[in-house]
Amino acid sequence: MFRTAYVNGRYVRHADAAVHVEDRGYQLADGVYEVVELHEGDFIDLTGHLDRLDRSLSELAIAAPMSRLALVAVLREVARRNRIRSGFVYLQVTRGVAPRDHAFPKTPVRPALVVTARPADPAKGDAMAAAGVAAITRPDERWDRVDIKTIGLLPNALAKQAAREAGALEAILVDADGHVTEGASTNVWIVTADGALVTRPADRGILRGITRTTVLKVAAAEGLSVEERRFTVAEALAAREVFLTSAGNLVMPIVTLDGRPIANGAPGSVATRLRAAFRGVAEHVPLQGSNKSA
Ligand code: PDD
């Protein structure tokens with residue numbers, strides 16, 4: 001079996017999958033994306049991801065490449081052809097192909113759609129969460145509209161690389177006032193000394209994570225108090241717990257920040273509880289099933 005990707009209407013061998021050299025995503029990062037988790041035959045929080053995709057597209061005045069029903073059929077088909085039951089689907093929509101010009105094409109072109117999928121072993125994430133991960137802090141050097149999930153990820157990529165070089169999983173981005181915004185590809189939370197969950201409001205300083213939204217629901221169901229407010233690096237270092245959330249990591253405890261242990265340097269009970277309860281609250285959309293759902 002070879003890997004399959006979907007590129008602009010065709011299912012092609014992953015190794016041969018290609019877009020045009022004048023795709024505006026390739027030249028100008030003029031596009032948006034989503035990463036959706038697949039867990040044991042279900043899409044997790046698919047509706048939230050597709051709603052956010054619609055919002056990202058409309059903020060950038062990019063047309064939807066196809067109806068939601070058709071898009072879900074493509075996502076299902078890519079997962080099916082790659083025989084993936086647990087892993088991730090990646091989908092990217094760019095404004096399309098046009099002679100290079102910063103301004104939009106005068107005659108609108110068709111948006112370009114690429115979908116890929118890769119398998120992942122959920123047990124690996126669970127093992128990582130049981131041990132906890134390291135993070136470092138980096139200045140947030142991104143533009144103002146990080147609420148849009150664009151493929152313009154160079155500052156995120158540079159921050160993540162710095163984390164890798166420091167032996168850490170994530171770079172926690174810090175704004176000019178010393179407040180944490182979010183991770184390079186995750187949202188960041190702390191648990192204060194009195195047990196309150198704190199995460200930055202989903203204003204323009206962060207991406208409104210779909211996992212973040214579900215974790216807010218999990219916290220409510222667990223009777224935990226949540227404060228959506230900004231917090232500083234000093235508060236994170238003094239916190240009882242620090243953790244991150246994303247489709248790829250679910251709820252992942254951070255046990256060291258810039259080489260300093262958080263509390264006793266072990267995963268905390270709140271993060272562990274939220275992670276354990278996550279799948280019971282998240283939306284599950286079967287991979288096999290009617291394309292009328294979602
Ligand atoms: N990243 N913040 C940023 C900057 C992100 O890129 C992401 C997602 C998140 C978490 O969003 P969600 O809970 O919807 O995954 C927050 C994806 C997974 C990525 O770029 O691979």
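First listed ligand is number 1; within each ligand, the first listed atom is number 1.
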J.: Should Lys106 and Asp101 be marked as a side-chain contact (heavy atoms from CB on, under 4.5 Å) after you check the CA-CA gap, both sets of side-chain angles, and the distance that decides it?
T.: CA-CA 10 Å; Lys106 280 203 191 78; Asp101 181 4; 5.5 Å; no
J.: Which residue and non-hydrogen atom of the protein lie closest to atom 12 (P) of ligand 1, and at what distance in Å?
T.: Ile210 N, 3.5 Å
J.: Which of the numbered atoms in ligand 1 are under 4.0 angstrom from any heavy atom belonging to Ala247?
T.: 12 (P), 13 (O), 15 (O)
J.: Whether the Asp30 and Thr94 side chains hold a donor-acceptor pair (N or O, under 3.5 Å, no angle test) is what I'd like checked.
T.: no
J.: I'd like to check whether Lys149 has a polar contact with ligand 1, where a contact means an N/O of the residue lying under 3.5 Å from an N/O of the ligand.
T.: yes
J.: Would you mind checking which non-hydrogen protein atom is closest to atom 7 (C) of ligand 1, with the distance to 0.1 Å?
T.: Ser185 O, 3.2 Å
J.: Any side-chain donor paired with an acceptor under 3.5 Å for Asn82 and Thr4?
T.: no
J.: How far is atom 3 (C) of ligand 1 from its nearest protein heavy atom, and which residue and atom is that?
T.: Glu182 OE1, 3.5 Å
J.: Is it the side chain, the backbone, both or neither of Thr186 that has a heavy atom closer than 4.0 Å to ligand 1?
T.: backbone
J.: Run the salt-bridge test on Asp51 and Arg68 with the 4.0 Å N-O cut-off and return the result as yes or no.
T.: yes
J.: For ligand 1, which atoms, with element, lie under 4.0 Å from some heavy atom of Asn187?
T.: 10 (C), 16 (C)
J.: Of all the non-hydrogen atoms in the protein, which one sits nearest to atom 21 (O) of ligand 1, and at what distance?
T.: Val35 CG2, 3.6 Å
J.: Under a heavy-atom criterion of less than 4.0 Å, does Arg208 contact ligand 1?
T.: no
J.: Looking only at protein heavy atoms, which one is nearest to atom 19 (C) of ligand 1, and how far off is it?
T.: Tyr33 OH, 3.7 Å
J.: Using distance alone, decide if ligand 1 has a nitrogen or oxygen within less than 3.5 Å of any nitrogen or oxygen in Thr211.
T.: yes
J.: Any atoms of ligand 1 less than 4.0 Å from a non-hydrogen atom of Ala184? List them with their elements.
T.: 4 (C)
J.: Under 3.5 Å between some N or O of ligand 1 and some N or O of Arg142?
T.: no
J.: Is the Lys NZ or Arg CZ of Arg118 less than 6.0 Å from the centre of Tyr90's six-membered ring, within 45° of the axis?
T.: no
J.: If you measure every N or O of Leu153 against every N or O of ligand 1, does any of those distances drop under 3.5 Å?
T.: no
J.: Should you measure from each heavy atom of His49, which atoms of ligand 1 turn up under 4.0 Å away?
T.: 14 (O)
J.: If you draw the axis of the six-membered ring of Phe104, does the NZ or CZ of Arg95 fall within 45° of it and under 6.0 Å from the ring centre?
T.: yes
J.: For residues Leu46 and Glu283, report the shortest heavy-atom separation together with the two atoms involved.
T.: N-OE1, 3.0 Å
J.: Is it true that, when you exclude Arg145 itself, more than 12 heavy atoms of the residues, nucleotides or ligands shown sit nearer than 6.0 Å to its CZ?
T.: yes
J.: Under 3.5 Å, is there a donor-acceptor pair linking the side chains of Ser86 and Glu40?
T.: no
J.: Side-chain donor-acceptor pair under 3.5 Å between Thr181 and Asp140, yes or no?
T.: yes
J.: Output the list of atoms in ligand 1 that are nearer than 4.0 Å to some heavy atom of Gly209, sorted by atom number.
T.: 11 (O), 12 (P), 13 (O), 14 (O)
